[in-house]
Structure formats: C-alpha cells, structure tokens
Amino acid sequence: MPELPEVEVLVRHLAPLVKNRTVRRAIVRRPKIVLPSTQEQIVRKLRGAKFVGLMRRGKYLLFEMRGSKGQRFPLVGHLGMTGRMYLAPEKNPLPKHAAVVMELGGENFIFEDTRYFGRMTLDDSAIAALGPEPLGEAFTAEYFANALRGSSQAIKVKLLDQQVIAGVGNIYASEALFRAGISPRVAAGRLKAGQIARLRETIRETLQDAIDRGSTVPLNYSGERVRDGLFYFGSAPKAGDFYEERLQVYDREGKPCRTCKTSVKRIVQGARSTFYCPKCQR
DNA sequence: CACCATGTTCCTTG
DNA sequence: CCAAGGAACATGGT
C-alpha cells in the first residue's frame, strides 16, 4: 500500500482515531521491525505514552508522543512493501503477521506487515535525510533541475531516490513520466528545462490525484469488512457502482496505451519494473 | 517450480 | 571518494 498518497490517506484516517489515546501496553512480536530501537526500549517508552499528533513525511508516518513523564518523543513508522496500520477491537485475535501492537483500552493499534520490511521505531534519523515534499513549496523547478544536473542515472530511477524527492515510489514514478511524455530511460541530467518543469507538474498532479481518490486498502478493520475505498491497480470504486480507470501504464504491459493504443512496454531498471508507452514517451 | 511484488539498505563494481 | 547496479531482506500470489 505504500507510496506517498497511500501514506497520506492513512495518516488522515488515523490521526483523529489515535489522538489523545494512551498506550497501556506495547507488544513487539517482531523485534526486527523496531530497529535500531530495541524491543525493551519501545516497550518501556510507550507504556503510558499518549498520542499527541500524527504527520506524514515522504513515506514515513511520524507519531508525536508524550511519555508518561511528560516528555515528547517521536515514533516513526514506515510501511515497507506490505505494512498496514489500523485499530481493531481488543477481543479480535491478532493477525498472523502482527509486528507491533499497542493496547489502547478497548482497541488495539495494530501494525501488521507480512513481509516485515516496515519499521516502527524511536529513531527519527531517516526523516532528516529526505528530500523535499513533492507537494510542498520547496519542490521548485529550480530545485528539481539542480538535483538532476549532471546525473547519468535514468530519470525513472532518479525519481525513486528519496533524497531527491520524498515519497515517490515505483508506481507513481512510471505514471508521472507517462503524463509528462518523457521516456523513463533518459539520463536525468539530459532533460531540458521545459521537461523538468513539466515533470515537476505531473509528479504533483499524479500524487494529488491519488490522494484525492482515496485509499488503496480498506482502512477500517474494526467493523465487518468495511471498505472505505478499496482499490488498487487499474480501478477504483466511485460513489456509485462504477469503476474508474486509475493507472495509465503501471502493471499494464501489453495493454493498449490509453492515449494512442500502442502496446505498453515493461522494462527493468535498477532491478525494478518500469512501464511506459514507447510512442507517447519519446 | 518459476517469477513477480507498492521499499530501503548494503555490498560490489567501475 | 563517488555513482550506479544489483542482491538481500521475507512472505505470498499467480
């Protein structure tokens, strides 16, 4: 579920649910998930702590906590590839891959992650290393041009560099390049000023559209499979029963480009799939 | 069985 | 030292 838009939607969903709640007890079922913190540190620090606020930075969730002695501290979450966070009734059995559980009284805050690539840690150093927020003011065309200058790396690969832009992942990188009409294989440093400005725009549009359309997973696990906006590749439930096409190229290998009908191509860059239209993307 | 998967980090290579 | 490429991590779906 995890690129910037998914994390943003999750944060908006979770923030009012956790605000002012107190952690009675924290359980670490998968110690790897809290690294570089230790299981003991997490358990000790979270006992009696209260949720003060919740923000997103790149693909990270930043929980602002107030400890039992009044001290503020950050709790940093990352969903990895398969992480999910939600509240569930305390009587519910814990899911198979529950990595960290916080008992809130009546409900549990559950961080489950089948592949265990995610994080829930007290260490916030990763945040400082991130590039600007693509939807924020610091992400200007000038900044972007500067960040790309001199790089021989393919632009698609460059877009995944969290030190350049925070939050773009493998799906939206392909999507933004399609919208900009730019080939994913061009060296980042060879883009013209106009293309860079255009790509900056399409990155912002792509991410904002995804946020506006809602979540890619069911966010509410506490009821009977309440699906407040479940969709993923290709389609999204709208207000009615209709499904709307969501992605233009990602995971559409061999399917017709929605613009020109040319077959969408899949290539591998940096050991990851890239999808693009060879005709629309020069 | 083979291959693929929304992410990040670490190792190797040049 | 730096940039770039690719494997590793761990589990599940097709």
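It should be emphasised that the depicted structure is a prediction, and the values quoted were computed from it without experimental measurement. Residue numbering restarts at 1 for every chain, and letters A, B, ... go by the order of the sequence lines.
- Remark: P of C:dA3 and NZ of A:Lys158 are 8 Å apart, rounded to the nearest angstrom.
- Two residues, A:Ala126 and A:Ala271, neighbour DNA chain B, and the one matched to the more 5' nucleotide by heavy-atom proximity is A:Ala271.
- Side-chain atoms of A:Gln163 do not come within 3.5 Å of backbone N or O of A:Leu130 as any donor-acceptor pair.
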Are there any protein N/O atoms within less than 3.5 Å of an N/O atom in nucleotides 12-14 of chain B, and if so, which ones and at what distance?
none

- [ ] Sugar-phosphate atoms are those with a prime plus P, OP1 and OP2; base atoms are the rest. Using that split, label each nucleotide of nucleotides 9-14 of chain C B, S or - for protein heavy atoms under 4.0 Å, 5' to 3'.
- [x] BBBS--
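- Tracing side-chain contacts under 4.5 Å through hydrophobic residues (I, L, V, M, F, W, Y), one never reaches A:Met85 starting from A:Val76; they form parts of separate clusters.
- A:Glu133 contributes a side-chain N or O that, together with a main-chain N or O of A:Gly58, makes up a donor-acceptor pair within less than 3.5 Å.
- Qualifying ring pair (Phe, Tyr, Trp, His ring centres under 6.0 Å) partners for A:Phe144, counting only residues two or more places apart in sequence or in other chains: A:Phe139.
- With respect to the salt-bridge test (charged N to carboxylate O, under 4.0 angstrom), the residues A:Lys59 and A:Glu3 do not qualify.
- At a non-hydrogen distance threshold of 4.0 Å, nothing from residues 176-191 of chain A comes into contact with DNA chain C.
- Of the P atoms belonging to B:dC3 and C:dA7, the separation is 13 Å, rounded to the nearest Å.
- A salt bridge links A:Glu8 to A:Arg56: at least one charged side-chain nitrogen sits closer than 4.0 Å to a carboxylate oxygen.
- Inspection of the A:Gln269 and A:Thr274 side chains reveals an N or O donor paired with an N or O acceptor under 3.5 Å.
- One atom, CZ of A:Arg246, and another, P of B:dT6, lie 15 Å apart when rounded to the nearest Å.
- Using modelled atom types, one finds a donor on one side chain and an acceptor on the other under 3.5 Å when comparing A:Ser125 with A:Asp123.
- When rounded to the nearest whole Å, the span between CG of A:Leu159 and P of B:dT6 equals 15 Å.
- Rounded to whole Å, the distance from CG on A:Leu160 to C1' on C:dG6 is 14 Å.
- A donor atom on one side chain and an acceptor atom on the other are not found under 3.5 Å apart for A:Thr82 and A:Arg115.
- Nucleic acid contact for A:Arg272: base, since at least one base atom lies under 4.0 Å from a heavy atom of the residue.
- Among pairs with a residue in residues 177-207 of chain A, none fulfils ring-ring contact (aromatic ring centres under 6.0 Å, His included), at least two apart in sequence or across chains.
- The same atom, P, is picked in B:dC11 and in C:dA10; the two are 15 Å apart, to the nearest Å.
- When the P atom of B:dG7 is taken as reference, atom CD1 of A:Ile171 falls 7 Å away, rounded to whole Å.
- Rounding to whole angstrom units, CZ of residue A:Arg266 and P of B:dT6 are separated by 9 Å.
- For DNA chain C, runs of at least 3 consecutive pairs of the Watson-Crick or G-U wobble type, with both hydrogen-bonding distances under 3.5 angstrom, map to B:2-5 with C:11-14, B:7-14 with C:2-9.
- Electrostatic pairing of A:Asp209 and A:Arg179 counts as a salt bridge here, judged by a charged N lying under 4.0 Å from a carboxylate O.
- In this structure, a donor-acceptor pair under 3.5 Å is present between the side chains of A:Tyr276 and A:Arg185.
- Contact check, A:Ser273 against B:dA5: a side-chain N or O comes under 4.0 Å of OP1 or OP2.
- A cation-pi contact, defined as under 6.0 Å to the ring centre and within 45° of the axis, is absent between A:Lys32 and A:Tyr116.
- Proximity of A:His78 to the phosphate of B:dG7: no side-chain N or O atom is located under 4.0 Å from OP1 or OP2.
- A straight line from CD1 of A:Ile267 to P of B:dC4 spans 14 Å, rounded to a whole angstrom.
- As rounded to whole Å, 12 Å separates atom C1' of B:dT6 from atom CD of A:Gln162.
- By the rule that hydrophobic residues join a cluster once side-chain heavy atoms approach within less than 4.5 Å of another member, A:Val100 and A:Phe51 end up as members of one cluster.
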